[in-house]
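Predicted model, so just to flag it, every value in this text is computed and none were measured.
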Amino acid sequence: MASLDKPPLGTTTVKWRFPEIHPEGRKYVAIAAAIAFAFLFIWDFIVWPLVFLTLGVAAFFRDPVRVTPQGEGLIVSPADGLITMIERVELPPELRGPQALGDKPMIRVSVFMSVFDVHVNRTPVTGTIKHVIYISGKFMNADFDKASEENERQHFVVEDKNGVRFGFTQIAGLVARRIVAFVKAGDMVVAGQRIGLIRFGSRVDVFLPEGYGCAVALGQRAIAGETILARRGISDMAGVSQ
């Protein structure tokens with residue numbers, strides 16, 4: 001009979017901590033804090049609104065630790081936000097062709113990020129970055145379907161160890177004015193790894209390759225690097241709008 005005096009081997013504890021601010025946002029937090037401090041000596045009645053603004057900027061660029069599910073055949077969410085679209089669509093021109101994702105329509109899962117969501121994006125799968133394609137464009141509401149074709153956007157193609165290619169796209173929104181990539185073609189990435197950021201509200205689209213079915217539903221909240229968007233081997237029409 002095992003002794004109950006000691007905890008099982010391998011046990012540990014995890015303590016909650018405040019999320020760090022991503023390096024990309026630290027200068028903006030510093031600028032907002034400096035402005036608030038300056039107004040302390042000019043018009044002190046607006047200092048508190050500026051302090052709250054500084055805290056808001058810090059919250060926008062927060063970069064919490066995430067624990068990514070392990071296993072074969074999983075696609076995790078690249079973004080925090082709301083699942084707003086699940087539908088089979090024609091691929092964007094930049095992702096078509098034998099060197100990208102092919103020419104057949106694919107299921108697209110769209111995750112919409114509000115200004116209150118974490119905006120650090122993560123790769124949905126492990127593999128090699130084959131392409132990073134930036135396209136300048138408009139800044140209409142990212143929740144519109146045509147935003148995927150007309151807005152500023154950045155496409156990624158990742159190839160896994162089995163040669164399967166996965167595509168996902170960062171799309172700027174009505175307020176967003178900059179898309180930042182942390183990786184380049186040729187880089188090796190691990191599922192859940194940080195790959196980029198979109199400033200101030202936007203959307204990320206994920207294109208599911210053949211053999212993968214959607215594992216989320218419209219209206220569900222997704223957590224970047226943790227929520228499983230799709231699995232290999234389940235019906236590819238699961239959750240798809242008819």
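Cluster membership for Phe168 and Ile86, using ILVMFWY side-chain heavy atoms within less than 4.5 angstrom, is shared. Tracing side-chain contacts under 4.5 Å through hydrophobic residues (I, L, V, M, F, W, Y), one reaches Ile46 starting from Ile31; they form part of the same cluster.
Here the straight-line distance linking atom CD1 of Ile228 with atom CD1 of Ile223 works out to 12.0 Å at 0.5 Å rounding. Annotation: the span from Ser202 atom OG to Asp117 atom CG amounts to 9.0 Å, rounded to 0.5 Å. To the nearest 0.5 Å, atom CG of residue Asn121 and atom CD1 of residue Ile179 are 9.0 Å apart. To the nearest 0.5 Å, the span separating CZ on Arg153 from CD1 on Ile171 amounts to 8.0 Å. The line from CD1 of Ile35 to OG1 of Thr54 is 8.0 Å long, rounded to the nearest 0.5 Å. Here the OG atom belonging to Ser110 is positioned 7.5 Å from the CZ atom belonging to Phe207, to the nearest 0.5 angstrom.
With contacts defined as side-chain heavy-atom distances shorter than 4.5 Å, the pair Leu91/Met106 qualifies. Between Phe112 and Val204 there is no side-chain heavy-atom pair separated by less than 4.5 Å. Residues Val157 and Ile129 are not in side-chain contact: their nearest non-hydrogen atoms beyond the backbone lie 4.5 Å or more apart. Contact of the Gln220 side chain with the Thr227 side chain is registered, since non-hydrogen atoms from C-beta on lie closer than 4.5 Å. Taking 4.5 Å as the limit, every side-chain heavy atom of Ile135 sits out of range of all side-chain heavy atoms of Glu152. Side-chain atoms of Leu229 and Val76, non-hydrogen and from C-beta on, never get closer than 4.5 Å to each other. Val51 is not listed as a side-chain neighbour of Leu53, based on a closest heavy-atom distance of 4.5 Å or more. Taking 4.5 Å as the limit, every side-chain heavy atom of Ile198 sits out of range of all side-chain heavy atoms of Val180.
Under the 4.0 Å criterion applied to side-chain N and carboxylate O atoms, Glu87 and Arg108 are assigned as salt-bridge partners. With respect to Arg122 and Asp63, a salt bridge is recorded, a charged nitrogen being found less than 4.0 Å from a carboxylate O. Under a 4.0 Å N-O distance rule, the pair Asp80/Arg66 qualifies as a salt bridge. Ionic pairing of Arg96 and Glu90 is not present here: no N-O contact between side-chain nitrogen and carboxylate oxygen is shorter than 4.0 angstrom. A salt bridge links Glu72 with Lys161: at least one charged nitrogen is closer than 4.0 Å to a carboxylate oxygen.
The minimum heavy-atom distance between Asp103 and Gly97, with the atom names listed, is OD1-N, 3.3 Å.
A distance below 6.0 Å separates the ring centres of Tyr212 and Phe166.
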